[in-house]
Structure formats: structure tokens, C-alpha cells
Novice: 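Below is the structure I would like to discuss, written out as C-alpha cells.
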Amino acid sequence: MTDWLLPFLCGLGASVISAWGVGGGTLLLLVMTLFLGVDQRTAQGINLLFFLPTALSALICHWRGGYLDKPTLKSAVPWAVLAAALGAWAATALDVEVLRKPFGVYLLLSGVSLLLPAKK
């Protein structure tokens with residue numbers, strides 16, 4: 001019973017944090033790789049699957065609220081699909097060790113950017 005309890009609680013916590021807009025997926029990646037012993041590629045795949053329903057619910061809420069700029073959306077979606085395809089290819093083609101360092105730098109820079117005051 002305890003084999004599923006900790007991962008379940010981590011996923012639940014990440015869901016709540018994601019609903020607040022804090023970035024639960026990034027925290028979920030860290031928990032899976034550092035504490036649950038999941039290899040990085042599997043953790044990234046789980047994180048992408050975790051992202052789909054949260055992104056869909058956010059898209060629906062923004063659509064209902066009238067916050068989507070349709071011309072921007074039409075120009076951004078093709079580039080986003082291309083970037084996602086290239087990222088998926090890179091994640092499967094490159095060695096995990098090659099991916100760890102840039103991802104670590106990204107997380108470090110993301111954390112530092114949160115500490116800096118926002119520009120107006």
C-alpha cells in the first residue's frame with residue numbers, strides 16, 4: 001500500500017500547486033528524479049502526460065473568459081508544435097547525461113529569475 005501512497009501524494013501536491021500557477025510540473029520532476037528514483041526520461045514523459053490535462057483545463061478557462069487572442073494563437077501554435085516535436089526528438093536521441101546539465105542550468109536560471117524584481 002505504501003508503494004503508491006508517496007507518488008500519489010506527490011502528484012496530488014503538484015496538481016494543487018499547478019492549479020495555483022506555481023509550476024507544479026517542475027517540482028514533480030524534481031521529486032521524481034531526486035526522491036523517488038525515477039530516471040530523467042521517464043520523469044519527463046510522466047511530466048508531459050501530467051501537463052496535458054492541466055493545460056487543457058487552463059485553455060478552456062481562458063477561452064471561456066475571453067482571454068485568448070486568436071491571431072496570436074494562430075501564429076504561435078505551428079511554432080509550438082514544431083518546437084515540441086524537436087524537443088521530443090532531442091529527448092529521445094540524446095544521452096540523459098547530455099540533457100541533465102542544460103536542464104539543471106535552466107532550473108537554476110528560472111529560480112534566480114524569481115528572486116529578481118519584476119520589470120514594469
Novice: What residue pairs, at least two apart or across chains, pass side-chain hydrogen bond (donor to acceptor under 3.5 Å, both in side chains) with a residue in residues 101-113?
Specialist: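 Residue pairs with at least one partner in residues 101-113: there are none.
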Novice: Nearest 0.5 Å, what's the CG-CG distance between Leu109 and Leu114?
Specialist: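 One gets 11.0 Å once the value is rounded to the nearest 0.5 Å.
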Novice: Tell me, do Ile46 and Leu29 make a side-chain contact under 4.5 Å, heavy atoms counted?
Specialist: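 No - every pair of side-chain heavy atoms lies 4.5 Å or more apart.
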Novice: State, to 0.1 Å, how close Ala43 and Thr33 come at their nearest heavy-atom pair, and which atoms those are.
Specialist: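 Looks like CB-CG2, 3.7 Å.
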Novice: Is any side-chain heavy atom of Gln44 closer than 4.5 Å to one of Leu48?
Specialist: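 No. Closest side-chain heavy atoms not under 4.5 Å.
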Novice: Looking at CD of Gln40 and CG of Asn47, how far apart are the two atoms once the value is rounded to the nearest 0.5 Å?
Specialist: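 The CD atom of Gln40 sits 11.0 Å away from the CG atom of Asn47.
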Novice: If two hydrophobic side chains count as joined below 4.5 Å and joins carry through other members, does Leu34 share a cluster with Phe103?
Specialist: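 Yes, one cluster joins them.
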Novice: Indicate every side-chain donor-acceptor pair of residues 57-68 with a distance under 3.5 Å to a residue at least two apart or in another chain.
Specialist:
| unit_1 | atom_1 | unit_2 | atom_2 | d |
| --- | --- | --- | --- | --- |
| Ser57 | OG | Pro53 | O | 3.3 |
| Ser57 | OG | Thr54 | O | 2.9 |
| His62 | ND1 | Ala58 | O | 2.7 |

Novice: Would you be so kind as to tabulate the donor-acceptor pairs closer than 3.5 Å made by side chains of residues 74-94, with sequence neighbours excluded?
Specialist:
| unit_1 | atom_1 | unit_2 | atom_2 | d |
| --- | --- | --- | --- | --- |
| Ser75 | OG | Pro71 | O | 3.4 |
| Ser75 | OG | Thr72 | O | 3.0 |
| Thr92 | OG1 | Ala88 | O | 3.2 |
| Thr92 | OG1 | Trp89 | O | 3.0 |

Novice: Can you tell me which residue pairs pass the salt bridge (charged side-chain N to carboxylate O under 4.0 Å, His left out) test with a partner in residues 80-96, sequence neighbours excluded?
Specialist: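 Matches after skipping sequence neighbours: none remain.
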